[in-house]
Amino acid sequence: MTTLSLSALTKESNTFSVIMSMKKLFLSLFLLITGTILYAQDTLPKFSVKNVGNNRMIISWNNNFEIVKQISIQRSVDSLKGYKSILTVPDPSIPQNGYVDTKAPLGRVFYRLYILLDKGVYLFSDVQKPVMDTTKKVAVFDDKITRMNGNDSISIPNFGLNSKNRPEVFTPSVHVYTYNDGNVRVNLPDDENRKFSLKFFEEDDSFIFELKDIKERTFRIDKANFYHAGWFKFELYEDGKLKEKHKFVLQKDF
């Protein structure tokens, strides 16, 4: 059995006390930062957008959905239209998540989330405009995300993913998509000088119907026009030229 002197025991006790004090300090700092982040976040489908200066917009949220297969962040300079996906989150199931957009255009900018749930159900969040927030605690969160993502706000963050194990994701069209009421919503560029038409197809490319010389720029197509649930394809033409080929899904509720 090893016998320690009183001085050795005292020295060892002091070292232990210092280590425990440092652990408590780090734990306190971690809880302080984490608590600030959680306080600033809204719960899906709501989310928060903070402008922390230097053209850095922090988009963050809490996730309480049991199953989330995809979350895409979309941005536009118009609150109603023109949204484009700037990022699809690699792991949408993370309870607290966020992203920093360092390439937002100057002036007004708006964000929304596309959320894909179970069995093909998806929805769009309400539109959010960045709120100014330059607090140091949020800036710490921003700095961590910036280092994690690099300087390209369009690229997917590297969480140990590569081209082989990166999850496949579906990003809906901004022009033709399933709305949260289950019907198909059409949102076309607001330009009276351009002519648009739409062709709809079954998943096996069988033709269903066509809308020619569309006058309205925003309208709804009742899901009953497609006769059944499942995936459908469409082709959007602008002035007789193909503008977009994409697809959408209708749920089994009719």
Side-chain angles (χ1 to χ4, degrees), residues 26-117 122-161 166-167 169-172 174 180:
F26 285 129
L27 179 60
S28 299
L29 290 174
F30 174 78
L31 292 176
L32 178 62
I33 295 172
T34 304
T36 303
I37 295 170
L38 294 180
Y39 178 78
Q41 292 173 323
D42 279 321
T43 301
L44 292 178
K46 294 182 179 180
F47 67 104
S48 302
V49 183
K50 304 292 184 182
N51 183 346
V52 296
N54 296 324
N55 199 36
R56 294 175 298 170
M57 311 296 175
I58 295 178
I59 302 98
S60 59
W61 60 85
N62 288 319
N63 174 27
N64 284 341
F65 287 117
E66 292 184 3
I67 300 177
V68 181
K69 294 187 176 181
Q70 180 185 331
I71 298 175
S72 294
I73 301 171
Q74 297 185 341
R75 182 183 67 203
S76 175
V77 295
D78 188 297
S79 62
L80 299 176
K81 58 187 179 181
Y83 284 92
K84 294 183 178 180
S85 294
I86 62 171
L87 175 78
T88 295
V89 180
D91 186 358
S93 64
I94 296 176
Q96 293 88 32
N97 212 340
Y99 177 71
V100 60
D101 181 10
T102 61
K103 301 209 175 160
L106 297 177
R108 296 199 315 165
V109 63
F110 301 88
Y111 295 89
R112 72 180 184 185
L113 298 182
Y114 162 76
I115 305 168
L116 176 63
L117 303 175
Y122 64 85
L123 55 91
F124 288 95
S125 69
D126 290 336
V127 173
Q128 294 288 344
K129 185 178 180 181
V131 177
M132 289 300 300
D133 189 342
T134 56
T135 60
K136 293 182 179 180
K137 294 173 183 177
V138 176
V140 171
F141 180 43
D142 174 31
D143 184 55
K144 287 183 179 180
I145 300 178
T146 302
R147 291 199 306 270
M148 181 173 61
N149 291 342
N151 295 322
D152 186 2
S153 65
I154 305 301
S155 63
I156 294 178
N158 181 11
F159 292 98
L161 298 174
R166 181 176 291 140
V169 293
F170 170 74
T171 302
V174 297
N180 52 19

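We count residues from 1, following the sequence as given.
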So, for V109 and A104, which heavy atoms are closest and what is the spacing to 0.1 Å?
CG2-CB, 4.4 Å
Taking C-beta and beyond as the side chain, do V49 and I58 meet within less than 4.5 Å on heavy atoms?
no
Return the OG1 to CG distance between T102 and N54, rounded to the nearest 0.5 Å.
11.0 Å
Heavy atoms only: give me the nearest N62-Q96 pair and the separation to one decimal.
OD1-CG, 3.0 Å
Measuring from T43:OG1 to F65:CZ, what's the distance to the nearest 0.5 Å?
9.5 Å
Mind checking the NZ-CZ spacing from K103 to R75? Nearest 0.5 Å is all I need.
9.5 Å
Does a side-chain heavy-atom distance below 4.5 Å link I71 with L44?
yes
Considering only heavy atoms from C-beta outward, does the side chain of Y114 approach that of V174 to under 4.5 Å?
no
Determine the sole option in N97, V89, D91 for which the side chain to side chain contact (heavy atoms under 4.5 Å, CB included) test with S93 is passed.
D91
Closest heavy-atom pair, V77 versus P105, reported as atoms and distance to 0.1 Å, is CG1-CG, 3.6 Å
What closest approach, in Å, do P92 and N63 show between heavy atoms, and which atom pair accounts for it?
O-ND2, 3.3 Å
To the nearest 0.5 Å, what is the distance between NZ on K81 and OG on S76?
9.0 Å
Going through the distances and angles, do S125 and F47 end up as a side chain to side chain contact (heavy atoms under 4.5 Å, CB included)?
CA-CA 8 Å; S125 69; F47 67 104; 3.1 Å; yes
Side chains of S72 and Q70: is there a donor and an acceptor less than 3.5 Å apart?
yes
Rounded at 0.5 Å granularity, tell me how far CZ in R112 sits from CD1 in I59.
14.0 Å
In the structure I gave you, are the side-chain heavy atoms of L116 and V68 within less than 4.5 Å of one another anywhere?
no
Considering all heavy atoms of both residues, which atom of D78 and which atom of Y83 are nearest to each other, and what is their separation?
O-OH, 3.5 Å
Do you know the tightest heavy-atom contact between K129 and R108?
NZ-CD, 4.4 Å
Would you indicate whether the side-chain heavy atoms of L117 and L123 approach each other to under 4.5 Å?
yes
Quick one: CD1 on I73 to OG on S60, what's the gap to the nearest 0.5 Å?
9.5 Å
Counting C-beta onward and ignoring hydrogens, is there a side-chain heavy-atom pair between W61 and P45 closer than 4.5 Å?
no
